[in-house]
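All remarks here apply to the structure that follows.
Source: prediction; values computed, not measured. Order of listing sets the numbers, starting from 1, for every ligand and every atom in it.
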Amino acid sequence: MMATVWIDGAWYAKSEAKVSVYDHGLLYGDGIFEGIRIYGGKAFMLDGHLDRLFDGAKAIALEIPLARGEIEKIVREGIEREGKDDGYIRLIVTRGVGDLGINLRLCPRASVIAIFDDISLYPRESYERGLAVVTAPTRRVQGDVWDPRVKSLNYLNNVLAKLEAQLAGCAEAVFLNREGYVTECTGDNVFVVKGGALKTPAPWLGLLEGITRNVVLELARGLGVPVEETTMTRFDLYTADECFLTGSGAELIAVTSIDGRRIGDGKPGPLTARLLASFSERVRS
Ligand code: PXG
């Protein structure tokens with residue numbers, strides 16, 4: 001099946017799914033989204049994604065014109081229509097159609113879009129070998145500009161860092177915040193393993209609190225691994241025993257080089273492998 005799309009009350013095939021050029025999501029990046037994995041015919045961690053969607057809407061004063069239960073129903077129906085066990089859902093809420101000019105009062109109703117498709121962020125072989133990443137010259141936007149906890153449609157900050165990664169011959173970039181602390185990647189959260197403990201940047205440093213991140217933290221605790229949400233600099237990345245990224249798109253992927261420094265022995269590490277095994281089991285349970 002070729003992707004199924006729901007837009008404001010009607011279902012469309014991928015080639016027929018269209019929005020207005022006056023939609024403020026397109027004109028200004030004004031809106032929010034979620035990327036949700038389908039495993040075994042079910043939306044993984046749907047509650048967490050909807051919590052984050054509604055919190056993001058609240059933060060930017062965007063009224064979602066559907067109740068939570070209605071969105072859940074669209075998600076169930078889309079999965080059924082698409083007819084796949086595994087896949088990906090992109091939920092989008094835009095400020096809706098307005099005029100030219102940022103005047104929000106001229107956008108009477110938010111638009112809701114749900115795309116049911118597949119996603120693959122990194123090449124298959126990177127999942128066996130691990131990724132080479134760089135730290136991005138572009139800093140992560142911080143809470144005093146707009147809060148990266150809002151999964152907003154404005155991804156230019158992320159796009160620029162991704163471009164910097166690609167110019168450096170890498171697939172992914174790690175963002176630092178203005179103080180130089182590690183925050184996250186362009187579409188993933190970052191973890192390191194050092195001396196048997198698992199560390200990841202604390203949310204208050206300015207990052208999206210990933211659903212996958214929180215699942216991995218919970219799995220690690222369940223395995224008796226000490227976990228720490230903390231401040232990290234590039235030193236902590238370069239000297240890590242292991243490093244990996246998490247996200248709904250990425251799932252869990254090892255990092256084997258950062259800014260040209262080899263991580264551990266240059267291969268995906270043992271705790272990364274254990275957590276990946278637990279994660280694979282968790283998404284099927
Ligand atoms: N940080 C950022 C900036 C993200 O965009 C994550 C962390 C991980 O969060 P979750 O909740 O997914 O564990 C994201 C998620 C895409 C794509 O199309 C991006 C994400 C997820 C799925 C697809 O690039 N970003």
Side-chain angles (χ1 to χ4, degrees), residues 3 5 25 29 31-39 43-56 59 75 86-92 113-123 126 131 133 135-136 138-143 145-166 171-177 181-191 200-220 229 232 243-253 255 275-276 278-280 282-283:
V5 184
I32 49 175
F33 75 101
E34 282 299 320
I36 307 164
R37 281 269 175 184
I38 305 166
Y39 293 112
F44 182 60
M45 300 294 292
L46 183 59
D47 270 349
H49 284 285
L50 292 181
D51 285 347
R52 190 168 67 187
L53 185 80
F54 278 87
D55 280 350
V75 165
D86 294 339
Y88 175 75
I89 308 164
R90 174 64 56 95
L91 261 184
I92 305 160
I113 300 167
I115 305 172
F116 298 81
D117 203 340
D118 292 309
I119 194 163
S120 141
L121 285 196
Y122 307 112
S126 303
L131 285 178
V133 307
T135 51
T138 295
R139 296 296 167 108
R140 186 70 172 124
V141 66
Q142 283 184 250
V145 181
W146 80 74
D147 201 308
R149 285 180 292 182
V150 176
K151 199 163 161 57
S152 103
L153 289 180
N154 192 324
Y155 256 48
L156 196 53
N157 186 209
N158 311 53
V159 169
L160 290 177
K162 187 80 168 188
L163 172 70
E164 288 156 1
Q166 288 174 345
E172 193 49 76
V174 181
F175 272 120
L176 308 178
N177 69 10
Y181 291 114
V182 174
T183 60
E184 60 179 333
C185 294
T186 68
D188 341 81
N189 292 110
V190 60
F191 287 78
T200 194
W204 53 262
L205 292 165
L207 52 103
L208 186 77
E209 199 174 334
I211 308 281
T212 323
R213 169 193 187 274
N214 291 347
V215 169
V216 166
L217 284 173
E218 178 198 305
L219 290 171
E229 297 179 68
M232 283 164 43
C243 178
F244 62 85
L245 312 181
T246 63
S248 303
E251 302 181 288
L252 197 158
I253 188 164
V255 170
L275 287 169
L276 176 58
S278 307
F279 181 75
S280 305
R282 173 78 169 74
V283 303

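Residue S248 has at least one N or O atom closer than 3.5 Å to an N or O atom of ligand 1. Residue-to-ligand polar distances place I211 within reach of ligand 1: an N/O pair is separated by less than 3.5 Å. At a 3.5 angstrom cut-off on N or O pairs, E184 counts as close to ligand 1. Inclusion of R52 in the set of residues having an N or O under 3.5 Å from an N or O of ligand 1 is warranted.
Taking a 6.0 Å sphere around OH of Y88, one finds it holds more than 12 heavy atoms contributed by other residues, nucleotides or ligands. Counted within 6.0 Å of CZ on R90, heavy atoms from surrounding residues, nucleotides or ligands total more than 12; the atom is thus considered enclosed.
Looking at atom 5 (O) of ligand 1, its nearest protein heavy atom turns out to be Y155 OH, 2.5 Å. With respect to atom 13 (O) of ligand 1, the closest heavy atom belonging to the protein is T212 OG1, 2.6 Å. Among protein heavy atoms, atom 18 (O) of ligand 1 sits closest to R90 NH2, 2.6 Å. Taking atom 15 (C) of ligand 1 as the reference point, the nearest protein heavy-atom neighbour is K151 NZ, 3.3 Å. The protein heavy-atom contact nearest to atom 23 (C) of ligand 1 is Y88 OH, 3.2 Å. In terms of protein heavy-atom proximity, atom 24 (O) of ligand 1 is closest to L121 CD2, 3.8 Å. Atom 9 (O) of ligand 1 has as its closest protein heavy atom G210 CA, 3.4 Å. Atom 21 (C) of ligand 1 has as its closest protein heavy atom G249 N, 3.8 Å.
Among the candidates I253, V216, N189, V190, the single residue satisfying the side chain to side chain contact (heavy atoms under 4.5 Å, CB included) test with F244 is V216.
Residue-ligand proximity, G247 to ligand 1, at heavy-atom distances under 4.0 Å covers atoms 8 (C), 12 (O), 13 (O). Here is the list of ligand 1 atoms found below 4.0 Å of a heavy atom in L208: 1 (N), 2 (C), 4 (C), 6 (C), 7 (C), 9 (O), 14 (C). Using a 4.0 Å cut-off to heavy atoms of R140, the atoms of ligand 1 that qualify are 3 (C).
Under a 3.5 Å cut-off, the side chain of R149 and the backbone N or O of G206 do not form any donor-acceptor pair. When atom types are taken as modelled, the side chain of D86 and the backbone of D118 share no donor-acceptor pair closer than 3.5 angstrom. In terms of modelled atom types and a separation under 3.5 Å, the side chain of N154 and the main chain of G29 share no donor-acceptor contact. A distance-only check finds a donor-acceptor pair linking the side chain of K162 to the backbone of A171 [under 3.5 Å].
By the criterion of a heavy-atom distance under 4.0 Å, the side chain of N158, and not its backbone, is placed next to ligand 1. Contact annotation for E209 and ligand 1: no heavy atom of the residue comes within less than 4.0 Å of the ligand. The part of I119 lying near ligand 1 is the side chain, judged by heavy-atom distances below 4.0 Å.
Under a 4.0 Å heavy-atom criterion, R37 is not in contact with ligand 1. Heavy-atom distances between V215 and ligand 1 stay at or above 4.0 Å for every pair.
Ring to ring, Y155 and F33 are close: their centroids are under 6.0 angstrom apart.
In terms of heavy-atom proximity, T212 sits nearest to G247 at OG1-C, 3.1 Å.
A side-chain donor from one of T186 and E172 sits under 3.5 Å from a side-chain acceptor of the other.
How far CG of D117 is from CD1 of I89: 11.0 Å, rounded to the nearest 0.5 Å.
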- Task: Could you please spell out the steps behind the side chain to side chain contact (heavy atoms under 4.5 Å, CB included) verdict for E229 and R213?
- Result: CA-CA 11 Å; E229 297 179 68; R213 169 193 187 274; 2.6 Å; yes
